[in-house]
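Counting from 1, the numbers follow the sequence of the chain as shown. Because only heavy atoms are used, hydrogens play no part in the values below, and waters and symmetry mates are left out as well, while side chains stay in. All ligand and atom numbering here is 1-based and tracks the order in the structure. Everything quoted here is computed from the prediction, not taken from an experiment.
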Amino acid sequence: MRPSREISDLTVLLRKYNSQYYTENASDITDAEYDALMNRLLYLEREYPELRSDDSPTARVGSAPLASFAAVTHDPPMLSLSNLFSREDFLAFHSRITSQLGADQVEYSVEPKLDGVSLSLVYENSVLVRAGTRGDGIRGEDVTENARTIRSIPLKLNSDHPVNVEIRGEVFFMTKDFLQMNGRRTEAGEAPFANPRNATSGSLRQLDSAVTAGRPLSFIAYAPGYVPAGIDSQEGLFNRLQQWGFSVNSRNSICRTPEQVIQTYHKLVDAREDLPMEIDGMVIKLNSFSRREMIGFISRAPRWAAAWKFHAEEMTTTLTEIEVQVGRTGRLTPVARLDPVKVGGVVVTSATLHNQDEISRKDARAGDIVLVRRAGDVIPEVVKSLSPEDGVRGELFKMPDKCPVCSGPVVQPEGEVNLYCINPSCEARIRRSLEHWASRKALDIEGLGKKLCEQLVDAGMVISIADLYNLKYHELTALERMGELKATKLFAELKKSRKTSLSRFLTGLGIPGVGEVASRDIAGEFRDLEALGAATEEELTAVKGIGPITAVSVRNFFTNPVTAAVVGELKAAGFNPTEKTAREGTSLAGETIVFTGALEMPRLKAKQLAMAAGAKVTSSITGKTTLLVAGENAGSKLKKAENSGVKVVSEEEFLVKVKEE
Ligand code: IVH
């Protein structure tokens with residue numbers, strides 16, 4: 001067969017199988033057969049380079065590495081967008097637009113602002129001939145070979161007649177693709193990417209396009225270079241883009257009133273965590289292209305569009321002071337006091353600095369300007385100091401050599417970076433133990449919060465958790481802010497808490513190394529306090545999930561006279577905790593999970609855990625959903641799950657299941 005004929009036959013076949021595979025998720029041939037066809041085409045194109053077309057299917061697998069990127073010039077320049085941060089900002093934007101147009105009514109195209117990398121695609125006679133990064137907006141890098149490997153970028157436009165056009169849009173990772181890729185990297189011993197955005201920019205700027213081909217990038221189109229003839233609105237553009245073969249965001253919408261725009265913003269904020277990709281705001285554009293021309297541009301941004309940004313998760317503020325807190329186990333934690341700053345929509349006034357090593361590494365000192373991060377709902381942390389190293393600065397911080405609360409000695413166990421107060425009657429430690437005992441994951445004693453724990457310890461009424469069960473009514477009502485009603489309720493709660501399970505009881509004791517998960521493991525095995533108290537180190541180590549260090553820790557707790565006495569007093573106070581059922585089936589394989597509400601851990605982390613345990617994660621409840629993990633303030637999805645009989649668990653229960661894997 002003539003090579004030109006064979007190349008065109010192979011091209012037709014491979015196009016057919018590509019489209020089967022990527023749009024219909026099916027294939028008439030095996031992977032090996034596909035590879036054979038592809039390899040044959042690669043071979044022929046190498047032999048007869050003059051026969052290779054720009055939209056050949058081989059472009060999807062990458063081509064020979066480049067020595068450097070050529071430059072591309074953007075005409076018109078790739079602009080940026082001015083930012084809006086509030087409803088007021090948006091209303092000001094809207095009133096400027098209406099008054100400039102002299103119109104009461106305007107239509108906006110409202111689009112999620114993808115957090116990726118923008119890309120320009122030039123099509124000549126309907127064929128992709130050049131792809132360029134934004135660069136400084138005027139000059140960028142030519143990444144054509146890399147762009148050709150991205151499946152959702154059409155190599156040739158679907159069209160009745162040839163089209164010359166430039167299309168701009170965003171390259172990004174779908175969250176699931178990003179997670180899968182990171183999973184594979186970890187398995188292969190490679191470093192995972194920090195976040196989808198970094199991974200996108202790194203993957204797109206590869207001199208070897210075969211590397212890019214191995215990264216599952218996506219592309220969504222949202223703007224033209226110069227507006228092509230026959231299109232007069234953003235809505236029209238999106239229709240045409242789809243006809244040509246581009247993907248557009250399914251969450252794009254047209255808003256006809258400012259109220260609709262504001263409503264869309266709130267909807268998007270709510271849906272943010274559940275979207276299949278990361279977004280950092282919402283883009284608002286005048287829908288009509290002729291109206292855009294009437295409004296015009298300022299230097300680098302159009303005046304007819306703006307980005308309404310979501311709350312940033314990193315902000316800078318002043319670190320006013322470093323304070324050392326003492327926890328339940330005696331651990332000393334340095335905490336940065338901050339000038340109040342809004343991070344991720346929440347006012348933050350303090351952030352953890354972890355330990356001395358971390359403080360030294362970040363070189364954070366009182367008076368410094370620091371970068372603070374709050375990802376998802378985790379405890380805020382100081383990322384780094386932004387103060388110049390050689391500027392005038394406060395003293396280097398050093399952890400104290402005495403407990404800041406009881407002035408007792410502190411020790412640093414071998415091989416650990418943390419310091420511990422070892423005085424068992426340190427007031428800070430007792431207060432924290434009480435708070436822990438009463439917390440939701442342990443005995444769940446309503447009304448016994450931080451304030452009351454502090455009052456009880458300060459008044460000398462409680463020096464161990466067992467003392468809670470010897471409190472007298474008249475002692476309690478003598479406390480400030482403690483009325484009869486409150487005291488009565490608290491007594492009822494304390495009484496109820498005696499009926500707890502062995503796992504909660506164990507969690508509440510706060511044995512070093514024994515959190516909620518280990519408590520369930522242990523309780524599921526020994527079933528009652530008697531058996532647990534008698535358990536040997538060997539028996540404890542034999543429990544799935546329990547290592548030798550934890551086993552020793554448990555054994556010590558039940559044999560050390562001080563801690564054993566507390567258990568004895570609790571028994572005397574009426575505790576006889578047992579565990580009813582052994583642990584249930586553990587694997588998440590076959591489960592289809594939906595997350596909703598605010599979780600303690602970042603949503604991305606939760607999804608990662610679920611997937612690692614073999615589950616599928618989806619964003620909405622369907623007939624296939626088997627499990628809903630509901631965080632705080634779960635709303636409509638929780639209702640839907642309950643109505644349709646889908647099993648609902650808390651984040652804690654979910655964690656237990658994952659850990660059991
Ligand atoms: S329109 C003149 N639409 O946001 C119009 N941009 O600061 C300029 N972006 O560099 C861009 N989603 O990377 C537009 N639906 C969207 C977008 C979007 C994300 C990014 C883009 C651009 C930046 C503007």
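For ligand 1, the atoms closer than 4.0 angstrom to any heavy atom of Pro302 are 2 (C). Below 4.0 Å from some heavy atom of Glu111 lie the following atoms of ligand 1, by number and element: 3 (N), 15 (N), 16 (C). For ligand 1, the atoms lying closer than 4.0 Å to a non-hydrogen atom of Leu114 are 12 (N), 19 (C).
Residue contacts with ligand 1 leave out Met78, since none of its heavy atoms falls under 4.0 Å from the ligand. Every heavy atom of Gly116 sits 4.0 Å or more from the atoms of ligand 1.
Put simply, the side chain of Arg148 gets close to the backbone of Leu128: a donor and an acceptor are under 3.5 Å apart.
Within a 6.0 Å radius of CZ in Arg87, no more than 12 heavy atoms belonging to other residues, nucleotides or ligands are found.
Residue-to-ligand polar distances place Glu170 within reach of ligand 1: an N/O pair is separated by less than 3.5 Å.
By the 4.0 Å N-to-carboxylate-O rule, Glu278 lies too far from Arg197 to be salt-bridged with it. With salt bridges taken as basic N to acidic carboxylate O contacts below 4.0 Å, one links Asp55 and Arg15.
Classified by interplanar angle (parallel below 30°, tilted 30° to 60°, perpendicular above 60°), the ring pair Phe219/Phe246 is tilted. Aromatic ring pairs are classed by plane angle as parallel below 30°, tilted from 30° to 60° and perpendicular above 60°; the pair Trp308 and Tyr265 is parallel.
With Arg292, Lys309, Arg134, Lys285 as candidates, the residue nearest to atom 3 (N) of ligand 1 on a non-hydrogen basis is Lys285. Of the candidates Ile279, Leu81, Val110, the one placing a heavy atom closest to atom 24 (C) of ligand 1 is Leu81.
By the criterion of a heavy-atom distance under 4.0 Å, neither the backbone nor the side chain of Arg168 is placed next to ligand 1. Heavy atoms of Pro112 found under 4.0 angstrom from ligand 1 belong exclusively to the backbone.
For the residue pair Gln100 and Arg96, a side-chain donor N or O sits within less than 3.5 Å of a side-chain acceptor on the partner.
When hydrogens are left out, the protein atom nearest atom 14 (C) of ligand 1 is Tyr222 CE1, 3.3 Å; that is the closest non-hydrogen contact. Nearest protein heavy-atom contact of atom 10 (O) of ligand 1 is Ser118 OG, 3.6 Å.
At a threshold of 4.5 Å between non-hydrogen side-chain atoms, the residues Leu119 and Ile153 count as touching.
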